[in-house]
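Worksheet for the structure shown next.
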Amino acid sequence: MSETSQSGACHCGTVQFTARLARGLATASRCDCSFCRMRGAVAVTAEAIDIHRGREALTLYQFASFTARHFFCAKCGIYTHHERRFPQGQVAVNAACLAGVSPFDLAEVPVFDGQEHPSDRGGVERLAGVLRFTAKA
C-alpha cells in the first residue's frame, strides 16, 4: 500500500491537520490500557502529522510514565492524535477524525495489551484481543 495523505479535524473543526499514513488504515488498532479503554478511539499510525489550524487549541494530557503525549481540542474535547510511548517517536491519529473515515467501517480492529505495556516488557507487544463491529441487518 502506498503512502497517502489524509486530512482530518476535531469535531468542531478548530483543529485541522493532514496526516501522512504510510499504510493507510491497515495500522488501525486499539489499546486496553486504562486511558485508551476509557477513550475508546481507534488509532492509525502516521508517519507525520501537520497541524494547519488550531495548534493553540490543542490540550496535552499525560499520565503514568509521562512519555506518551495525548492531544485534545480544548473547545470540543475530541482526541485528535498522540505521540506513542511504544514505539517512542511514533505518532498515531484518531481514525474517526480523518475525513471520510469511520471506525465502524473496519470489520476488525486488533486490541493491544497496554495493561502490561511493551515498554515495561522489553519491547514485546502482545495482542489482547480483537474488536469486531457487525452492522445491524
Side-chain angles (χ1 to χ4, degrees):
M1 177 176 281
S2 64
E3 184 177 286
T4 62
S5 288
Q6 183 82 33
S7 62
C10 64
H11 189 261
C12 68
T14 297
V15 178
Q16 296 180 8
F17 61 88
T18 301
R20 198 171 73 233
L21 310 176
R23 296 181 51 216
L25 299 179
T27 61
S29 67
R30 285 196 48 180
C31 170
D32 73 350
C33 77
S34 62
F35 182 64
C36 291
R37 191 171 59 240
M38 289 179 151
R39 179 176 62 196
V42 171
V44 180
T45 302
E47 296 298 311
I49 184 168
D50 183 21
I51 309 295
H52 302 291
R53 186 173 145 211
R55 182 178 300 277
E56 70 286 349
L58 287 172
T59 299
L60 171 65
Y61 177 71
Q62 292 181 281
F63 71 104
S65 69
F66 293 93
T67 305
R69 298 166 41 92
H70 305 268
F71 294 93
F72 298 80
C73 172
K75 186 173 178 182
C76 66
I78 295 298
Y79 148 70
T80 55
H81 67 288
H82 73 281
E83 296 168 5
R84 289 185 165 150
R85 181 175 174 215
F86 179 85
Q88 271 192 309
Q90 193 176 74
V91 177
V93 298
N94 180 351
C97 289
L98 297 173
V101 175
S102 169
F104 301 113
D105 294 337
L106 306 169
E108 291 187 349
V109 176
V111 180
F112 289 99
D113 183 357
Q115 293 182 40
E116 294 186 39
H117 200 275
S119 293
D120 301 331
R121 286 196 317 267
V124 177
E125 192 168 50
R126 292 192 303 208
L127 191 65
V130 176
L131 184 65
R132 290 185 175 86
F133 178 75
T134 305
K136 201 171 165 182

| message | Over 60° means perpendicular and under 30° means parallel, so tell me whether Phe63 and Tyr61 are parallel, tilted or perpendicular. | response | parallel
| request: Could you tell me the separation between the CG atom of Asn94 and the CZ atom of Phe72, rounded to the nearest 0.5 Å? | output: 9.0 Å
| query | Could you give the distance from CZ (Phe112) to SG (Cys31), rounded to the nearest 0.5 Å? | reply | 9.5 Å
| message | What I want to check is whether the side chains of Thr14 and Arg53 have a donor and an acceptor closer together than 3.5 Å. | response | no
| request: Using modelled atom types only, decide if a donor and an acceptor are shared between the side chain of Gln6 and the backbone of Leu21 within a distance under 3.5 Å. | output: no
| said: Contact between Thr45 and Gln90 at the side-chain level, heavy atoms closer than 4.5 Å - yes or no? | reply: yes
| If you round to the nearest 0.5 Å, how far is CG of Leu127 from OG of Ser29? | 9.5 Å
| query | Looking at side-chain heavy atoms only, is the closest gap between Leu106 and Phe133 below 4.5 Å? | reply | no
| query | Okay, side chain of Arg37, backbone of Asp32: is any donor-acceptor separation there less than 3.5 Å? | reply | yes
| Which of these, Arg84, Glu83, Arg39, His81, sits in a side-chain hydrogen bond (donor to acceptor under 3.5 Å, both in side chains) with His70? | Arg39
| task | Check the pair Val109 / Val130 against side-chain contact (heavy atoms from CB on, under 4.5 Å), numbers first and verdict last. | result | CA-CA 6 Å; Val109 176; Val130 176; over 6 Å; no
| Flag side-chain contact, heavy atom, 4.5 Å: Val93 against Leu98 | yes
| Side chain proximity check, Leu58 to Val15, heavy atoms < 4.5 angstrom | yes
| said: For His52, I'd like to know if atom NE2 has over 12 heavy atoms of other residues, nucleotides or ligands within 6.0 Å. | reply: yes
